[in-house]
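Data block below; observations after.
Values below: every heavy atom of this structure, side chains too, minus hydrogens, waters and symmetry copies.
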Amino acid sequence: MDWNDPAERARLIDRVGPQEYERLFAEHRKASTMKTVNGHAIRPVQSRFGRLFSVGNTGKAFSTMPEAEAFAATAEAK
């Protein structure tokens with residue numbers, strides 16, 4: 001499963017339903033977390049800008065892990 005492919009995610013929702021999709025996606029997020037800083041899970045994501053490091057549910061992503069860690073260290077938990 002390529003979680004970075006919107007079409008593939010949509011097919012998965014159609015195949016397994018929304019509840020199972022959410023469970024599988026939560027499992028993926030947990031498995032792909034590289035580090036947790038200040039309560040924020042940092043994980044790699046693919047974007048149109050290439051590989052980025054997403055910081056929890058802040059809506060922010062950075063091109064390097066140190067940038068993501070620095071932001072997470074000071075970001076308020078939601």
Side-chain angles (χ1 to χ4, degrees):
M1 171 71 202
D2 180 0
W3 290 99
N4 295 304
D5 181 352
E8 202 167 327
R9 289 194 315 264
R11 285 190 299 273
L12 180 61
I13 292 170
D14 288 342
R15 194 171 69 245
V16 301
Q19 284 184 314
E20 178 65 2
Y21 171 85
E22 286 300 321
R23 187 191 72 73
L24 292 169
F25 190 55
E27 192 175 276
H28 163 69
R29 283 191 309 264
K30 184 177 179 181
S32 65
T33 297
M34 296 176 76
K35 191 171 200 176
T36 301
V37 176
N38 193 26
H40 298 284
I42 300 174
R43 60 188 189 86
V45 294
Q46 278 301 118
S47 76
R48 61 183 173 171
F49 306 108
R51 184 178 189 211
L52 298 174
F53 296 92
S54 175
V55 180
N57 62 355
T58 65
K60 303 286 185 184
F62 300 87
S63 58
T64 68
M65 178 62 91
E67 289 174 309
E69 291 171 337
F71 175 80
T74 61
E76 213 175 287
K78 288 187 175 183

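Under the 4.5 Å side-chain heavy-atom criterion for ILVMFWY residues, a single connected hydrophobic cluster contains both M34 and V37.
Between P44 and L52, every side-chain heavy-atom pair lies at or beyond the 4.5 Å cut-off. The shortest side-chain heavy-atom distance between I42 and T33 does not fall under the 4.5 Å cut-off.
Residue pairs meeting the ring pair (Phe, Tyr, Trp, His ring centres under 6.0 Å) criterion with at least one partner in residues 42-76, sequence neighbours excluded, are F62-F71.
Shown here are the side chain to side chain contact (heavy atoms under 4.5 Å, CB included) partners of D14, two or more places apart in sequence or in another chain: there are none. Every residue meeting the salt bridge (Lys or Arg N to Asp or Glu O under 4.0 Å) condition with E20, not counting sequence neighbours, appears here in chain and number order: R23. K60 meets the side chain to side chain donor-acceptor pair (under 3.5 Å) test with no other residue; sequence neighbours excluded. Applying the side chain to side chain donor-acceptor pair (under 3.5 Å) test to S47 and every residue at least two apart in sequence or in another chain returns nothing. Applying the side chain to side chain contact (heavy atoms under 4.5 Å, CB included) test to Q19 and every residue at least two apart in sequence or in another chain returns nothing.
E27 CD to R29 CZ: the interatomic distance, rounded to the nearest 0.5 Å, is 11.0 Å. Taking OG1 from T64 and CZ from R51, the interatomic distance works out to 11.0 Å, rounded to the nearest 0.5 Å. Here OG1 of T58 is found 12.0 Å from CD of E76. Values are rounded to the nearest 0.5 Å. Distance check: M65 CE to R43 CZ gives 12.0 Å after rounding to the nearest 0.5 Å. Atom CD of E8 is separated from atom CE of M1 by 4.5 Å, given to the nearest 0.5 angstrom. In this structure, CG on L12 lies 11.0 Å from CG on D5, to the nearest 0.5 angstrom.
Checked by atom type and distance alone, the side chain of N38 never pairs as donor or acceptor with a backbone atom of H40 at under 3.5 Å.
Closest of all the heavy-atom pairs between V45 and S54 is CG1-CB, 4.0 Å.
Note on ring orientation: taking the six-membered ring where Trp is involved, the planes of F25 and W3 are tilted (angle from 30° to 60°).
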